[in-house]
Amino acid sequence: MNSQIAKERISYVAKTDSITASQGDFLATHVAIKRLFALDKFSIGPSKETFYTEEQLFKTLISNPDNKHQFIAVYGQSGTGKSHLIRWFEARYSQNKPEDEVVLFVRRSDNTLRGTIKQLLEKPEIKGISNRDVIEKLIKATASLDQNRLKDLIYYNFIIEIRNEKDEFDIKIRNVERKRLEAFLNNEMVRNFLMSENGPIERIYSKIAEHTLVDRDTIAEFKAEDFEITTELQEMIRSTGADANAEKMVRQLMADESGKQETKKIADYLNQFVNRVIQRCAGIEPGDFKQVFQDVRHELYRLGKNLTLFIEDVTSFTGVDGALLDVLMEEHTGVQNGESICRISSIVGTTGNYLQHNFKDNHKDRITKYIYIPSDAFDELGLYEFVGKYLNVMSLPEEKIKRWLNNNAEPDEYPVHEITDGMDWEYMDCEYEKKLCLFPFTKRSILCLYNNYLEKGHQTPRYVLRDIIEPIVNDFLYNRENFPSIKINTVTVNSVLSYIVDNTIKDKIQRDRVLRFMSIWGDGKAEQYELDGETYIASIPKRIYEEMGLQTIKLNEVNIKTEIDDKIKPTASIEEKPYYKVKKSEEKDIIVPKEKVERLSKVNVILTDWIYKKSIDTSKTVGISGIIRAAKEDMCKYLFSAVNWQSKGVSMDNIDKVKKSSIKLIAFENQTKGNGFYELEADWNSLHIISAFARWREYGQKSWNYPESDFDAYLITSWTAAVEDKLIGAINEYVKGVKVNYIEAAIIAEIYRLIISGEFREKSLKNLTFQYLFRSKENKALENNHSKEWNMLLALMKQKSADKTNKETVQQYFNIKQGGGSAVIVLDANGISSIFRKIKANKLVLSEGTSQNDDKVKLRRDVYSYLNDITERLEVVARAEVEIAREKIKYIFNQFDDEEINEDDITNFTSRVKSFYEEVNRTQINIRNVSVESVNKKAATIEKAIEDISKVLDEKNYLTIIMTFSGDPVSVIKPLIDLIKQVNDDIRRVENEISRRKSQETDLINETHFLERYDEEEKLIEKDIEIINKWEVNV
Amino acid sequence: MIINELDEKIKNMKELQKLDNLKANQKQQESSDLKYHNIVNEVNEIVLAFDYLQYKSKVVRQENLKYSILDLLNRLNVATESGLVGNDCLLILEKKLKTIKKEYNGKWPKIYSSLTNAKISTLKVIRGIDTETVSKCLEDIEQGEDWNPDIEVFQRMIEGLESADQLISNLGLNQEIISFLHKINQGKATLPDLSDDVLEWIKKESLEAKIKISFRSGK
């Protein structure tokens, strides 16, 4: 490489668009493609075909030796070099074209119809034709329209097409569906959605408008996924008051079963209108376009010339491509409109996808030959040559290239640059014994980057140039002291090598450079050897490290004789991906499948990005991100089981809660979603650990049975010891220095539950022991006489089994599991006693400042929420209880006309009641006898309940109140109240009955002087008693 | 207050029961009422009789009698509390009255003797002195010999006793004279019994001719 020249030339040479490069640079960087397919029939991914070189195809097809009408389609996926090949064909053809041949080369330009038409109109062959009207029309069509207006125009033209569609296309939808679709497209939300960036309208617009920056190989069409409606969009459509038909369309597209087919059907249906809409929006009539070409062909025929047309990309004609194909495929043997037309040989570039979907079958049938460029058109040497030629051209002065071009660009005169950097570097041998220096690449680095750095579908010349050559060379040219500094993922990082580098080189930047260099430029193995008196470290000579300013480190010495072949040859090729092979002591080979190695390599790509401060996604469950996620989960699982939490004072209940938390034990620094207790710093050490866990899962299938697993096990074990204390701190601390204290809240809540549920019925906490917390006897009483508020609190506590969950927390928190797999669980009685005493002393109030109700662990936070749910209702509950009890007790007091009711009062009352009912019975009044036994037997208890209630009627302390009501004293006095009420009712009935019956016997009463009948006797008796009382008696 | 109300209703129901009973058996009730009336009157007679005797004599002041009658009077009171006297109740009252009467049938002779014996014997001694007056006194006194709680009977008895006292007082008899007269009636008087006071009294009352002397038969 010649750095000085390269600095000036790189921006000119490293152009991904072959059309914009100068002819000299284009030819000097051209690498002959040797693996081309020539097909008679179209196939999207042909195989088992004979390979042809570009030269072979040029001679047999492009040069048209038989001078016949032909249409040759050159296709391949994006970036494979279609344009490059067509340009090469054109250049090659133009060099020795027949005299009567007119060559027309339509470049892709800005890849729009406007650009293409402009380009055509500038060709002298077209400028000279007679039909000026048509030309004028086309010139007008190229006038620019405002971007938004044009997009709107496109959008509404589709609606117009749908409305006016008259069964002229193959794909049909029912009338009702058409109405729905029209209403759907007229909805503002749908319009915004379809016109958004990356939406179908943008794609179509890019084919009409000038200077758009859309991918060149974009196809102007609707895709099924454009009509996949998210629930958010559905909600937006609905909430903005969509037309009923539009809503029906939404439902149709979202249907579980048929939705997918519907989206495809609608996309296909709309795609039928694309050309028509483009034409209308661009102001072009397909007939006009056809006319231009027809005129050209007439004119050339008149002049006795033939036409060879090279079209770089047929999608440039989107909108009129059908018309274009019609005119290009028309053979010269017929007479057109009474005039003869010239022979035409068309070489047209297109993507396989466009060819498959946008060429009508009758067009496909008329294609003379298909030239297919596979994605891996270069073999391994071709790839080295490709890189070598670009490196060479950018190191050559422009004049030298021009000179070579002017001398017909003969291969044997191909210029090679003067090397100023990397003289002792690797070379690529080319024809005519030309040696191209690969500096600053090695063959291994080219392959490694090609295999691992380029995304799937991007392993094409365009991306080799854009993503490998240009950035690496620029890195060397402008950042040599830090080369390689570009954060290229070290896909095949050897964990041992990485560990050694990490622990040997302290400077982070230097460490990253060395590891990257060894892993990408070298063989990535933690080995060194001697060869011809030179030390090779990771297969790169030591002097290279020194030349590059990289620190050298000592790796494991290996035997050169057995390893030499591997060391001097690239270990990987395009076809043959790297794989792991290690000899185990049992002399049994354990081979990790290539696919797994590849997957792990991709994991390392992401992890390397991560340590270079790129965010990392650990939320996906599938793909490579899924492996990283799984590794993270494995790390968490491992740490949960590996750390002896109990011995470090962490309750297993706390661990269980943390396990169930959405917050993971481990989080990666800069991860896109979620958080964790312990954040794994984005550094090499973390990369090794994550990688080791990924290997354990992927290579060992959740075992250590894979090569070099012992080293991984060592890494993980030593790492565990290093992070253990930090993990314990993170789990056991609410905030720095403050221990988690949810158990205090849990116990308080449980005590409240015991009180509210009536399982602890004492009026003070004095007799409350922690053994109550472990009782399993529930108060299963279905009915009580508590207030609505009390019962609501009770129900609230049971909601979603919150009471059980909290009880489990209380019962499990102090459990100490015994080691050795013992089933015995010991209770930490000291721990629970101490906290229990504190809670009792604080009268069930959390110690000041200890509420951790924003704890990051939901289950710990839930404990505080549960307690808060209880305590915030206690006052209301206590008041409600008192009010109910006050009403009841007042009733009793009123009935007894006394505020001190004792057992005797109650039994006296029941005795009277008994007599009352006996008399009722005797009087033959139809009232059912009421038993007083339940009241009589419980007279003492009722007296106590009345006394208890009376005491708290004016109490302010709600704890005292709820404890008083814990035993449900209202239920105790209820039988008495019921009896009183019943008796009162029966008294009224007796009154009525007496009154009724007496009224029937009024005559009798009057007749018999009922009330005065014994008056005389009573007086006499009274007198006698008076007399007798005066008597003196003898003793 | 509910207890008071219960009591009231119990009473009301009892009244109603009585009324019902009355309605069902009006004649029987009238008979019961009469019986009750009679008992009350009978007791009243006893009370008045005894009250008279109490007043006139200390002899009948007896505790048992007082409380037995009081008890009966109370029962009589209670018997009408429910509005009507019931048969059961009447039977008890009758039995109680019968008991009192039976008790005093037994006790009366003793009381009567203690009240009358001394007077009667004196009267019999002096019968010879004033036969007519003595006979009248004895007749009145002996009206009360059998138990009959009739105040008129007791009044005659008391009048008889009071007349006897008057008669004896008028004769100026002292105990020595009465003893001499008693012995004469028994035929046991001897000359030694003729003390100076006795001779003086005989002479004063001119009774010498009415007294005859004779020998004692036997030893």
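Labels below follow one simple rule: chain letters A, B, ... track the order of the sequence lines, proteins then strands, and each chain is numbered from 1.
- Rounding to the nearest 0.5 Å places OH of B:Tyr52 at 15.0 Å from CD1 of A:Ile1027.
- The 12-atom threshold is exceeded at NZ of B:Lys107, counting heavy atoms of other residues, nucleotides or ligands nearer than 6.0 Å.
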Start with the C-alpha gap between B:Met13 and A:Ile994, add the side-chain angles, then the distance that decides, and say whether side-chain contact (heavy atoms from CB on, under 4.5 Å) holds. CA-CA 7 Å; B:Met13 283 189 282; A:Ile994 289 172; 3.8 Å; yes
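- A 4.5 Å side-chain heavy-atom check between A:Lys998 and B:Leu16 finds at least one atom pair inside the cut-off.
- Comment: B:Lys9 does not engage A:Asp986 in a salt bridge, judged by the lack of any side-chain N to carboxylate O separation of less than 4.0 angstrom.
- Within the 4.5 angstrom heavy-atom criterion, only side-chain atoms of B:Asp7, from C-beta onward, approach chain A.
- For the options A:Asp897, A:Asn984, A:Asn908, A:Ile987, heavy-atom pairs under 4.5 Å to chain B are most numerous at A:Ile987.
- Counting heavy-atom pairs under 4.5 Å between each of A:Val920, A:Asp1024, A:Asn894 and chain B puts A:Asp1024 at the top.
- Within a 6.0 Å sphere centred on CD of B:Glu200, other residues, nucleotides and ligands contribute 12 heavy atoms or fewer.
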Report the C-alpha separation of B:Lys11 and A:Glu919 in whole Å, then their side-chain angles, then the decisive distance to 0.1 Å, and conclude whether the side-chain contact (heavy atoms from CB on, under 4.5 Å) test is met. CA-CA 9 Å; B:Lys11 189 182 160 197; A:Glu919 220 52 64; over 6 Å; no
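- Remark: A:Arg912 CZ to B:Ile3 CD1 distance equals 5.5 Å, nearest 0.5 Å.
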Evaluate side-chain contact (heavy atoms from CB on, under 4.5 Å) for B:Asp20 paired with A:Arg997, printing each intermediate quantity in order. CA-CA 9 Å; B:Asp20 287 346; A:Arg997 277 162 59 175; 2.8 Å; yes
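- Residue contact with chain B, scored on non-hydrogen atoms closer than 4.5 Å, involves the side chain of A:Ile925 exclusively.
- Counting heavy atoms of neighbouring residues, nucleotides and ligands inside a 6.0 Å radius, atom CD of A:Glu762 exceeds 12 of them.
- B:Gln17 and A:Gln924 are not linked by any side-chain donor-acceptor pair at a separation below 3.5 angstrom, with hydrogens and angles left out of the test.
- Distance CD1/A:Ile1028 to CG/B:Leu73: 4.5 Å, rounded to 0.5 Å.
- Within 6.0 Å of the CD atom in A:Glu955, the count of heavy atoms belonging to other residues, nucleotides or ligands exceeds 12.
- Counting heavy-atom pairs closer than 4.5 Å to chain B, the top-ranked of the candidates A:Lys1023, A:Lys1030, A:Glu918, A:Arg922 is A:Arg922.
- Residues A:Glu991 and B:Glu8 have side chains not in contact (no heavy-atom distance under 4.5 Å, counting atoms from C-beta outward).
- For the atom pair CG of B:Asp33 and CZ of A:Arg1013, the computed distance is 4.0 Å after rounding to the nearest 0.5 Å.
- Atoms CZ and CE, from A:Phe909 and B:Met1 in turn, are 10.0 Å apart once rounded to the nearest 0.5 Å.
- Contact detail for A:Ile1025 and B:Asn77: the closest heavy-atom pair is CD1-ND2, 4.1 Å.
- Residue B:Asn41 holds its CG atom at 7.0 Å from CD of A:Glu1016, rounded to the nearest 0.5 Å.
- The most heavy-atom pairs under 4.5 Å with chain A, out of B:Asn12, B:Asn74, B:Leu70, come from B:Leu70.
- Heavy-atom contacts from other residues, nucleotides or ligands closer than 6.0 Å to CG of B:Asn4 number more than 12.
- Counting heavy-atom neighbours within 6.0 Å of A:Tyr958 OH, excluding the residue itself, gives a total of 12 or less.
- Around CZ of A:Arg928, the count of heavy atoms belonging to other residues, nucleotides or ligands within 6.0 Å does not exceed 12.
- Of all heavy-atom pairs between B:Gln29 and A:Tyr1014, the closest is NE2-OH, 3.2 Å.
- Heavy atoms closer than 4.5 Å to chain A are found nowhere in B:Ile39, neither backbone nor side chain.
- Ring planes of A:Trp1031 and B:Phe50: tilted class, angle from 30 to 60°.
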